[in-house]
Amino acid sequence: MRALLLRDLRLAIRAGGGFGLSLAFFLIVTTLVPFGVGPEGGTLARIAPGILWLGALLSCLLSLDRIFALDREDGSLDLLATSPAPMEGVVAIKAAAHWLTTGLPLTFVAPALGLLLNLAPSGYGWLMLSLAIGTPALSLIGAFGAALTVGLKRGGLLLSLLVLPLYVPTLIYGAELARRGAEGLPVLTPLLMLAGITLGTAALLPFAAAAAIRVNLR
Amino acid sequence: MILSVTDLAVLRGGVALLGGLSFTLGPGEALILRGPNGVGKTTLLRTLAGLQPALAGRIDGPAEGAAYSSHADGVKPTLNVAENLRFWAEIHGQRDIAPALEAFDLVNLAGREAQSLSAGQKRRLGLARLLVTGRRLWLLDEPTVSLDSASVALFAAAIEAHLAQGGAAVIATHIGLGLAHARDLDLAVYRPDPGAAGTVSGAGDPFLEGIA
(Lines give C-alpha, C1' and ligand atoms only; values in the text may rest on other atoms or scores of the structure.)
Protein backbone atom coordinates (compact mmCIF):
# COMPACT_ATOMS: atom_id res chain seq x y z
CA MET A 1 0.00 0.00 0.00
CA ARG A 2 2.85 2.32 0.89
CA ALA A 3 4.45 1.35 -2.42
CA LEU A 4 1.31 2.41 -4.27
CA LEU A 5 1.19 5.78 -2.51
CA LEU A 6 4.84 6.46 -3.25
CA ARG A 7 4.42 5.42 -6.86
CA ASP A 8 1.41 7.67 -7.38
CA LEU A 9 3.17 10.62 -5.78
CA ARG A 10 6.26 9.99 -7.89
CA LEU A 11 4.18 9.76 -11.07
CA ALA A 12 2.37 12.99 -10.22
CA ILE A 13 5.58 14.91 -9.59
CA ARG A 14 7.51 13.62 -12.63
CA ALA A 15 7.17 15.26 -16.02
CA GLY A 16 3.64 15.11 -17.41
CA GLY A 17 2.18 14.00 -14.09
CA GLY A 18 0.00 17.06 -13.73
CA PHE A 19 1.30 18.21 -10.36
CA GLY A 20 1.40 21.99 -10.37
CA LEU A 21 -1.11 22.10 -13.18
CA SER A 22 -4.09 22.28 -10.85
CA LEU A 23 -2.19 24.68 -8.61
CA ALA A 24 -1.52 27.02 -11.55
CA PHE A 25 -5.15 26.69 -12.62
CA PHE A 26 -6.30 27.67 -9.11
CA LEU A 27 -4.00 30.68 -9.24
CA ILE A 28 -5.29 31.84 -12.63
CA VAL A 29 -8.98 31.33 -11.89
CA THR A 30 -8.87 33.31 -8.66
CA THR A 31 -6.72 36.03 -10.22
CA LEU A 32 -9.24 36.43 -13.03
CA VAL A 33 -12.09 37.16 -10.63
CA PRO A 34 -11.06 40.76 -9.76
CA PHE A 35 -10.84 41.48 -13.49
CA GLY A 36 -14.38 40.29 -13.98
CA VAL A 37 -15.98 41.59 -10.81
CA GLY A 38 -14.05 44.83 -10.52
CA PRO A 39 -11.44 45.94 -8.01
CA GLU A 40 -13.90 47.22 -5.39
CA GLY A 41 -12.52 45.92 -2.09
CA GLY A 42 -15.77 45.39 -0.18
CA THR A 43 -17.34 43.25 -2.90
CA LEU A 44 -14.22 41.13 -3.32
CA ALA A 45 -13.86 40.57 0.43
CA ARG A 46 -17.48 39.43 0.61
CA ILE A 47 -17.23 36.90 -2.22
CA ALA A 48 -13.63 35.83 -1.54
CA PRO A 49 -14.40 32.63 0.45
CA GLY A 50 -16.85 31.43 -2.18
CA ILE A 51 -14.49 32.22 -5.05
CA LEU A 52 -11.55 30.51 -3.39
CA TRP A 53 -13.63 27.42 -2.70
CA LEU A 54 -14.95 27.34 -6.26
CA GLY A 55 -11.42 27.70 -7.58
CA ALA A 56 -10.20 24.87 -5.37
CA LEU A 57 -13.09 22.68 -6.49
CA LEU A 58 -12.50 23.29 -10.19
CA SER A 59 -8.77 22.74 -9.99
CA CYS A 60 -9.42 19.52 -8.10
CA LEU A 61 -11.71 18.43 -10.92
CA LEU A 62 -8.98 19.02 -13.48
CA SER A 63 -6.86 16.07 -12.42
CA LEU A 64 -9.60 13.62 -11.44
CA ASP A 65 -9.69 11.57 -14.63
CA ARG A 66 -6.02 10.72 -14.16
CA ILE A 67 -6.73 8.80 -10.95
CA PHE A 68 -7.72 5.55 -12.67
CA ALA A 69 -7.78 6.21 -16.44
CA LEU A 70 -4.01 6.01 -16.91
CA ASP A 71 -3.78 2.82 -14.87
CA ARG A 72 -6.61 1.37 -16.90
CA GLU A 73 -4.94 2.24 -20.22
CA ASP A 74 -1.59 0.65 -19.45
CA GLY A 75 -3.11 -2.42 -17.81
CA SER A 76 -1.96 -1.58 -14.27
CA LEU A 77 -5.53 -1.60 -13.00
CA ASP A 78 -6.04 -5.24 -14.10
CA LEU A 79 -2.79 -6.16 -12.44
CA LEU A 80 -3.70 -4.32 -9.24
CA ALA A 81 -7.05 -6.10 -9.23
CA THR A 82 -5.28 -9.47 -9.32
CA SER A 83 -2.68 -8.39 -6.74
CA PRO A 84 -3.01 -9.01 -2.99
CA ALA A 85 -3.91 -5.35 -2.46
CA PRO A 86 -7.66 -4.99 -1.79
CA MET A 87 -9.35 -2.73 -4.35
CA GLU A 88 -10.90 -0.67 -1.53
CA GLY A 89 -7.42 0.07 -0.24
CA VAL A 90 -6.20 0.90 -3.74
CA VAL A 91 -9.02 3.43 -4.14
CA ALA A 92 -8.35 4.99 -0.73
CA ILE A 93 -4.62 5.26 -1.41
CA LYS A 94 -5.17 6.75 -4.84
CA ALA A 95 -7.60 9.32 -3.42
CA ALA A 96 -5.03 10.13 -0.73
CA ALA A 97 -2.31 10.58 -3.35
CA HIS A 98 -4.64 12.84 -5.34
CA TRP A 99 -5.30 14.93 -2.24
CA LEU A 100 -1.61 15.19 -1.37
CA THR A 101 -0.84 16.51 -4.87
CA THR A 102 -3.86 18.83 -5.26
CA GLY A 103 -5.88 19.56 -2.12
CA LEU A 104 -2.95 19.99 0.25
CA PRO A 105 -0.93 22.39 -1.94
CA LEU A 106 -4.14 24.34 -2.65
CA THR A 107 -4.66 24.72 1.10
CA PHE A 108 -1.23 26.24 1.52
CA VAL A 109 -1.42 28.75 -1.35
CA ALA A 110 -5.02 29.81 -0.56
CA PRO A 111 -4.06 32.60 1.93
CA ALA A 112 -1.85 34.25 -0.70
CA LEU A 113 -4.81 34.31 -3.05
CA GLY A 114 -7.02 35.50 -0.19
CA LEU A 115 -4.79 38.54 -0.06
CA LEU A 116 -5.40 39.16 -3.77
CA LEU A 117 -9.14 39.01 -3.14
CA ASN A 118 -8.97 41.35 -0.15
CA LEU A 119 -10.06 38.65 2.32
CA ALA A 120 -9.95 39.85 5.94
CA PRO A 121 -6.65 38.68 7.52
CA SER A 122 -8.56 37.10 10.40
CA GLY A 123 -10.10 34.73 7.85
CA TYR A 124 -6.85 33.19 6.53
CA GLY A 125 -6.67 30.58 9.26
CA TRP A 126 -10.33 29.60 8.79
CA LEU A 127 -9.91 29.45 5.03
CA MET A 128 -6.97 27.09 5.38
CA LEU A 129 -8.81 25.02 7.95
CA SER A 130 -11.90 24.73 5.77
CA LEU A 131 -9.80 23.65 2.78
CA ALA A 132 -7.76 21.24 4.86
CA ILE A 133 -10.91 19.56 6.16
CA GLY A 134 -12.98 19.81 2.97
CA THR A 135 -10.59 19.00 0.11
CA PRO A 136 -10.14 15.32 1.14
CA ALA A 137 -13.86 14.91 0.46
CA LEU A 138 -13.34 16.43 -3.02
CA SER A 139 -10.63 13.83 -3.78
CA LEU A 140 -12.71 10.95 -2.40
CA ILE A 141 -15.88 11.90 -4.28
CA GLY A 142 -13.75 12.48 -7.36
CA ALA A 143 -12.17 9.04 -7.04
CA PHE A 144 -15.65 7.54 -6.91
CA GLY A 145 -16.65 9.44 -10.06
CA ALA A 146 -13.42 8.39 -11.76
CA ALA A 147 -14.12 4.77 -10.83
CA LEU A 148 -17.60 4.99 -12.37
CA THR A 149 -16.27 6.35 -15.65
CA VAL A 150 -13.03 4.35 -15.84
CA GLY A 151 -14.11 2.11 -18.69
CA LEU A 152 -15.28 4.94 -20.92
CA LYS A 153 -13.24 6.50 -23.65
CA ARG A 154 -12.88 10.25 -23.04
CA GLY A 155 -15.12 10.05 -19.98
CA GLY A 156 -13.76 13.33 -18.64
CA LEU A 157 -16.83 15.41 -19.39
CA LEU A 158 -19.20 12.81 -18.01
CA LEU A 159 -16.99 12.61 -14.94
CA SER A 160 -17.39 16.36 -14.38
CA LEU A 161 -21.16 16.13 -14.80
CA LEU A 162 -21.34 13.27 -12.31
CA VAL A 163 -19.03 14.74 -9.73
CA LEU A 164 -19.92 18.44 -9.66
CA PRO A 165 -23.43 17.96 -8.19
CA LEU A 166 -21.93 15.68 -5.54
CA TYR A 167 -19.56 18.50 -4.60
CA VAL A 168 -22.43 20.80 -3.62
CA PRO A 169 -22.59 19.99 0.13
CA THR A 170 -18.82 20.24 0.51
CA LEU A 171 -18.83 23.58 -1.30
CA ILE A 172 -21.70 24.97 0.78
CA TYR A 173 -20.23 24.11 4.16
CA GLY A 174 -16.61 24.77 3.17
CA ALA A 175 -17.33 28.25 1.85
CA GLU A 176 -19.67 28.95 4.76
CA LEU A 177 -16.98 27.97 7.26
CA ALA A 178 -14.44 30.25 5.57
CA ARG A 179 -16.97 33.12 5.33
CA ARG A 180 -18.09 32.90 8.95
CA GLY A 181 -14.49 32.64 10.09
CA ALA A 182 -13.56 35.78 8.16
CA GLU A 183 -16.54 37.70 9.57
CA GLY A 184 -15.98 36.50 13.14
CA LEU A 185 -19.28 34.59 13.37
CA PRO A 186 -19.69 31.23 15.16
CA VAL A 187 -18.22 28.46 13.00
CA LEU A 188 -19.02 25.27 14.86
CA THR A 189 -21.97 24.12 12.74
CA PRO A 190 -20.34 24.35 9.28
CA LEU A 191 -17.12 22.98 10.75
CA LEU A 192 -18.85 19.88 12.08
CA MET A 193 -20.89 19.42 8.91
CA LEU A 194 -17.79 19.70 6.72
CA ALA A 195 -15.85 17.26 8.89
CA GLY A 196 -18.84 14.93 8.84
CA ILE A 197 -18.99 14.98 5.04
CA THR A 198 -15.30 14.20 4.75
CA LEU A 199 -15.44 11.38 7.28
CA GLY A 200 -18.59 9.98 5.72
CA THR A 201 -17.10 9.95 2.22
CA ALA A 202 -13.90 8.39 3.57
CA ALA A 203 -15.91 5.64 5.22
CA LEU A 204 -18.26 4.81 2.34
CA LEU A 205 -16.89 5.82 -1.03
CA PRO A 206 -13.80 3.56 -1.21
CA PHE A 207 -16.19 0.59 -1.07
CA ALA A 208 -18.54 2.06 -3.68
CA ALA A 209 -15.63 2.99 -5.94
CA ALA A 210 -14.04 -0.44 -5.61
CA ALA A 211 -17.34 -2.08 -6.58
CA ALA A 212 -17.62 0.24 -9.59
CA ILE A 213 -14.09 -0.62 -10.71
CA ARG A 214 -14.70 -4.35 -10.43
CA VAL A 215 -17.77 -3.98 -12.63
CA ASN A 216 -15.91 -1.80 -15.12
CA LEU A 217 -13.02 -4.25 -15.44
CA ARG A 218 -15.25 -7.04 -16.70
CA MET B 1 -3.33 -29.69 -7.91
CA ILE B 2 -2.86 -25.99 -8.62
CA LEU B 3 -5.78 -25.25 -10.90
CA SER B 4 -8.91 -27.27 -11.43
CA VAL B 5 -11.63 -26.13 -13.81
CA THR B 6 -14.94 -27.96 -13.94
CA ASP B 7 -17.58 -27.49 -16.61
CA LEU B 8 -16.67 -23.83 -17.05
CA ALA B 9 -18.62 -21.50 -19.34
CA VAL B 10 -17.37 -17.97 -20.00
CA LEU B 11 -19.00 -15.03 -21.67
CA ARG B 12 -17.90 -11.77 -23.18
CA GLY B 13 -20.23 -8.82 -23.68
CA GLY B 14 -23.27 -10.99 -22.90
CA VAL B 15 -22.36 -13.64 -25.49
CA ALA B 16 -21.34 -17.11 -24.31
CA LEU B 17 -17.97 -17.96 -25.86
CA LEU B 18 -16.96 -21.26 -24.33
CA GLY B 19 -18.90 -23.96 -22.54
CA GLY B 20 -18.31 -27.29 -20.84
CA LEU B 21 -14.61 -26.66 -20.36
CA SER B 22 -12.87 -28.91 -17.81
CA PHE B 23 -9.18 -29.41 -17.14
CA THR B 24 -6.75 -29.72 -14.27
CA LEU B 25 -3.25 -28.41 -13.94
CA GLY B 26 -0.74 -29.81 -11.48
CA PRO B 27 2.64 -28.52 -10.31
CA GLY B 28 5.17 -28.35 -13.12
CA GLU B 29 2.55 -28.41 -15.86
CA ALA B 30 1.77 -25.87 -18.54
CA LEU B 31 -1.34 -25.61 -20.66
CA ILE B 32 -1.13 -23.95 -24.06
CA LEU B 33 -4.44 -22.49 -25.24
CA ARG B 34 -4.97 -22.77 -28.98
CA GLY B 35 -7.74 -21.60 -31.21
CA PRO B 36 -8.56 -18.94 -33.78
CA ASN B 37 -8.94 -15.23 -32.94
CA GLY B 38 -12.07 -14.49 -30.97
CA VAL B 39 -12.53 -18.03 -29.71
CA GLY B 40 -12.26 -16.80 -26.12
CA LYS B 41 -8.64 -17.25 -25.03
CA THR B 42 -8.40 -13.81 -23.43
CA THR B 43 -11.85 -14.12 -21.88
CA LEU B 44 -10.95 -17.51 -20.42
CA LEU B 45 -7.72 -16.13 -18.93
CA ARG B 46 -9.49 -13.08 -17.47
CA THR B 47 -12.12 -15.36 -15.97
CA LEU B 48 -9.45 -17.61 -14.47
CA ALA B 49 -7.73 -14.51 -13.06
CA GLY B 50 -10.97 -13.49 -11.35
CA LEU B 51 -11.33 -10.29 -13.36
CA GLN B 52 -14.72 -11.34 -14.69
CA PRO B 53 -17.30 -13.80 -13.45
CA ALA B 54 -17.87 -17.19 -15.03
CA LEU B 55 -21.23 -17.92 -16.61
CA ALA B 56 -21.26 -21.42 -15.13
CA GLY B 57 -18.93 -23.97 -13.64
CA ARG B 58 -16.24 -24.02 -11.00
CA ILE B 59 -12.70 -22.69 -10.84
CA ASP B 60 -10.51 -23.97 -8.00
CA GLY B 61 -7.26 -22.06 -8.10
CA PRO B 62 -4.55 -21.28 -5.59
CA ALA B 63 -5.78 -19.34 -2.57
CA GLU B 64 -3.35 -16.46 -3.14
CA GLY B 65 -4.58 -15.94 -6.69
CA ALA B 66 -2.75 -16.02 -9.98
CA ALA B 67 -0.24 -13.78 -11.71
CA TYR B 68 -1.97 -12.42 -14.78
CA SER B 69 -0.23 -10.89 -17.78
CA SER B 70 -2.13 -9.37 -20.67
CA HIS B 71 -1.44 -7.41 -23.84
CA ALA B 72 -0.82 -4.35 -21.64
CA ASP B 73 2.26 -4.53 -19.46
CA GLY B 74 1.31 -2.16 -16.64
CA VAL B 75 4.55 -0.26 -17.21
CA LYS B 76 4.68 3.41 -16.23
CA PRO B 77 6.60 5.44 -18.84
CA THR B 78 8.03 8.01 -16.43
CA LEU B 79 9.41 5.44 -13.97
CA ASN B 80 12.62 3.61 -14.74
CA VAL B 81 12.85 -0.15 -15.19
CA ALA B 82 13.92 -0.90 -11.62
CA GLU B 83 11.26 1.40 -10.14
CA ASN B 84 8.53 -0.24 -12.20
CA LEU B 85 9.61 -3.69 -11.12
CA ARG B 86 10.19 -2.76 -7.51
CA PHE B 87 6.65 -1.35 -7.29
CA TRP B 88 5.09 -4.66 -8.35
CA ALA B 89 7.46 -6.56 -6.06
CA GLU B 90 6.39 -4.47 -3.06
CA ILE B 91 2.70 -4.80 -3.91
CA HIS B 92 3.20 -8.56 -3.83
CA GLY B 93 5.23 -8.41 -0.63
CA GLN B 94 8.50 -9.37 -2.29
CA ARG B 95 11.85 -7.63 -1.83
CA ASP B 96 14.36 -8.88 -4.34
CA ILE B 97 14.06 -7.77 -7.96
CA ALA B 98 17.61 -8.75 -9.04
CA PRO B 99 16.74 -12.31 -10.19
CA ALA B 100 13.86 -11.00 -12.29
CA LEU B 101 16.09 -8.37 -13.92
CA GLU B 102 18.68 -11.04 -14.70
CA ALA B 103 16.21 -13.59 -16.03
CA PHE B 104 14.97 -11.16 -18.66
CA ASP B 105 18.32 -9.51 -19.40
CA LEU B 106 17.24 -6.14 -18.01
CA VAL B 107 20.20 -5.46 -15.69
CA ASN B 108 21.82 -3.00 -18.09
CA LEU B 109 18.50 -1.23 -18.61
CA ALA B 110 17.60 -0.95 -14.91
CA GLY B 111 18.16 2.82 -14.78
CA ARG B 112 16.46 3.59 -18.09
CA GLU B 113 13.09 5.35 -18.14
CA ALA B 114 10.47 2.95 -19.41
CA GLN B 115 9.31 5.40 -22.08
CA SER B 116 12.66 5.08 -23.84
CA LEU B 117 12.43 1.28 -24.06
CA SER B 118 11.65 -0.50 -27.30
CA ALA B 119 8.44 -2.51 -27.53
CA GLY B 120 10.31 -5.77 -26.98
CA GLN B 121 12.22 -4.41 -23.99
CA LYS B 122 8.99 -3.14 -22.47
CA ARG B 123 7.45 -6.56 -22.99
CA ARG B 124 10.41 -8.16 -21.20
CA LEU B 125 9.87 -5.78 -18.30
CA GLY B 126 6.19 -6.75 -18.24
CA LEU B 127 7.14 -10.45 -18.15
CA ALA B 128 9.81 -9.89 -15.47
CA ARG B 129 6.94 -8.71 -13.28
CA LEU B 130 5.69 -12.32 -13.16
CA LEU B 131 8.83 -13.38 -11.31
CA VAL B 132 8.33 -10.81 -8.54
CA THR B 133 4.74 -11.81 -7.84
CA GLY B 134 5.86 -15.00 -6.12
CA ARG B 135 2.74 -16.77 -7.35
CA ARG B 136 2.55 -20.38 -8.44
CA LEU B 137 0.01 -20.01 -11.23
CA TRP B 138 0.78 -17.80 -14.21
CA LEU B 139 -1.94 -16.80 -16.68
CA LEU B 140 -0.29 -15.43 -19.80
CA ASP B 141 -2.10 -13.81 -22.71
CA GLU B 142 0.05 -13.73 -25.87
CA PRO B 143 3.26 -13.26 -23.88
CA THR B 144 5.60 -13.37 -26.86
CA VAL B 145 4.14 -10.43 -28.79
CA SER B 146 6.97 -8.12 -30.00
CA LEU B 147 9.70 -10.37 -28.57
CA ASP B 148 12.63 -11.35 -30.80
CA SER B 149 13.78 -14.97 -30.92
CA ALA B 150 16.48 -14.45 -28.26
CA SER B 151 13.90 -12.93 -25.90
CA VAL B 152 11.46 -15.75 -26.61
CA ALA B 153 14.22 -18.16 -25.55
CA LEU B 154 14.71 -16.14 -22.32
CA PHE B 155 10.99 -16.30 -21.73
CA ALA B 156 10.82 -20.04 -22.38
CA ALA B 157 13.69 -20.53 -19.93
CA ALA B 158 11.84 -18.46 -17.32
CA ILE B 159 8.73 -20.62 -17.78
CA GLU B 160 10.77 -23.83 -17.52
CA ALA B 161 12.38 -22.56 -14.31
CA HIS B 162 8.96 -21.64 -12.93
CA LEU B 163 7.57 -25.09 -13.76
CA ALA B 164 10.65 -26.77 -12.29
CA GLN B 165 9.94 -24.99 -9.00
CA GLY B 166 6.47 -26.52 -8.89
CA GLY B 167 4.64 -23.69 -10.60
CA ALA B 168 2.06 -23.94 -13.35
CA ALA B 169 1.10 -21.79 -16.31
CA VAL B 170 -1.80 -21.31 -18.69
CA ILE B 171 -0.53 -19.66 -21.86
CA ALA B 172 -2.41 -18.37 -24.88
CA THR B 173 0.08 -18.27 -27.70
CA HIS B 174 0.42 -19.01 -31.41
CA ILE B 175 4.09 -19.93 -31.46
CA GLY B 176 5.81 -23.03 -30.14
CA LEU B 177 7.74 -22.36 -26.96
CA GLY B 178 9.40 -25.77 -26.86
CA LEU B 179 8.24 -26.50 -23.33
CA ALA B 180 8.84 -30.06 -22.15
CA HIS B 181 5.75 -30.46 -19.98
CA ALA B 182 3.19 -28.50 -21.96
CA ARG B 183 -0.19 -29.77 -23.14
CA ASP B 184 -2.19 -28.15 -25.90
CA LEU B 185 -5.85 -27.32 -25.43
CA ASP B 186 -7.80 -26.44 -28.56
CA LEU B 187 -10.59 -24.13 -27.47
CA ALA B 188 -12.48 -24.32 -30.77
CA VAL B 189 -13.96 -27.63 -29.53
CA TYR B 190 -15.65 -25.88 -26.62
CA ARG B 191 -17.54 -23.33 -28.64
CA PRO B 192 -21.15 -23.49 -27.52
CA ASP B 193 -23.74 -24.73 -29.96
CA PRO B 194 -24.96 -21.55 -31.70
CA GLY B 195 -28.56 -22.73 -31.67
CA ALA B 196 -28.63 -23.63 -28.00
CA ALA B 197 -26.70 -20.77 -26.43
CA GLY B 198 -26.23 -17.51 -28.33
CA THR B 199 -26.96 -14.37 -26.40
CA VAL B 200 -27.59 -14.86 -22.72
CA SER B 201 -29.88 -12.08 -21.63
CA GLY B 202 -28.94 -10.46 -18.37
CA ALA B 203 -26.12 -12.86 -17.60
CA GLY B 204 -23.11 -11.01 -16.31
CA ASP B 205 -25.02 -7.79 -15.93
CA PRO B 206 -24.21 -6.57 -12.40
CA PHE B 207 -27.51 -4.74 -12.15
CA LEU B 208 -29.50 -7.89 -12.73
CA GLU B 209 -27.49 -10.14 -10.44
CA GLY B 210 -29.51 -11.80 -7.71
CA ILE B 211 -32.85 -11.10 -9.37
CA ALA B 212 -33.26 -14.40 -11.18
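As the structure is a prediction and not an experimental result, all values here were calculated from the model. Naming: A, B, ... by sequence-line order, numbering from 1 per chain.
Looking at B:Ala67, there are no atoms closer than 4.5 Å to chain A (heavy atoms on both sides), in backbone or side chain. Within the 4.5 angstrom heavy-atom criterion, only side-chain atoms of B:Arg129, from C-beta onward, approach chain A. Contacts of B:Arg12 with chain A are absent, with no heavy-atom separation under 4.5 Å from either backbone or side chain. Both the backbone and the side chain of A:Leu80 come within less than 4.5 Å of a heavy atom in chain B.
Counted within 6.0 Å of OH on A:Tyr173, heavy atoms from surrounding residues, nucleotides or ligands total 12 or fewer; the atom is thus considered open. Atom CH2 of A:Trp126 sits in a sparse spot, with 12 or fewer heavy atoms from other residues, nucleotides or ligands closer than 6.0 Å. Within 6.0 Å of the CZ atom in A:Phe207, the count of heavy atoms belonging to other residues, nucleotides or ligands does not exceed 12. With a 6.0 Å radius and a threshold of 12 heavy atoms from other residues, nucleotides or ligands, B:Arg183 has its CZ atom above the threshold.
Side-chain contact between A:Asp74 and B:Val75: absent, with no pair of heavy atoms (C-beta onward) separated by less than 4.5 Å. Residues A:Arg7 and B:Ile91 form no side-chain contact, since every pair of their non-hydrogen atoms from C-beta on lies 4.5 Å or further apart. With a 4.5 Å cut-off on side-chain heavy atoms, A:Pro84 and B:Arg135 count as touching. Inter-residue side-chain proximity for A:Arg218 and B:Leu51 is flagged as unmet; no heavy-atom pair is nearer than 4.5 Å. The side-chain heavy atoms of B:Gln52 and A:Leu217, taken from C-beta on, include no pair separated by under 4.5 Å. The shortest distance between side-chain heavy atoms of B:Lys76 and A:Asp71 falls below 4.5 Å. A:Leu6 places none of its side-chain heavy atoms less than 4.5 Å from the side chain of B:Phe87.
Per-residue counts of heavy-atom pairs under 4.5 Å with chain B were compared for A:Ala85, A:Gly75, A:Ser83; the largest is that of A:Ser83.
Taking CH2 of B:Trp88 as the reference point, atom CG of A:Leu79 lies at 4.5 Å (rounded to 0.5 Å).
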Passes salt bridge (Lys or Arg N to Asp or Glu O under 4.0 Å), A:Arg14 versus B:Glu83? Steps please. CA-CA 13 Å; A:Arg14 294 231 170 130; B:Glu83 284 170 336; 3.0 Å; yes
Before giving the answer on side chain to side chain contact (heavy atoms under 4.5 Å, CB included), spell out for B:Glu90 and A:Leu4 the whole-Å C-alpha distance, their side-chain angles and the decisive distance to 0.1 Å. CA-CA 9 Å; B:Glu90 285 177 19; A:Leu4 182 62; over 6 Å; no
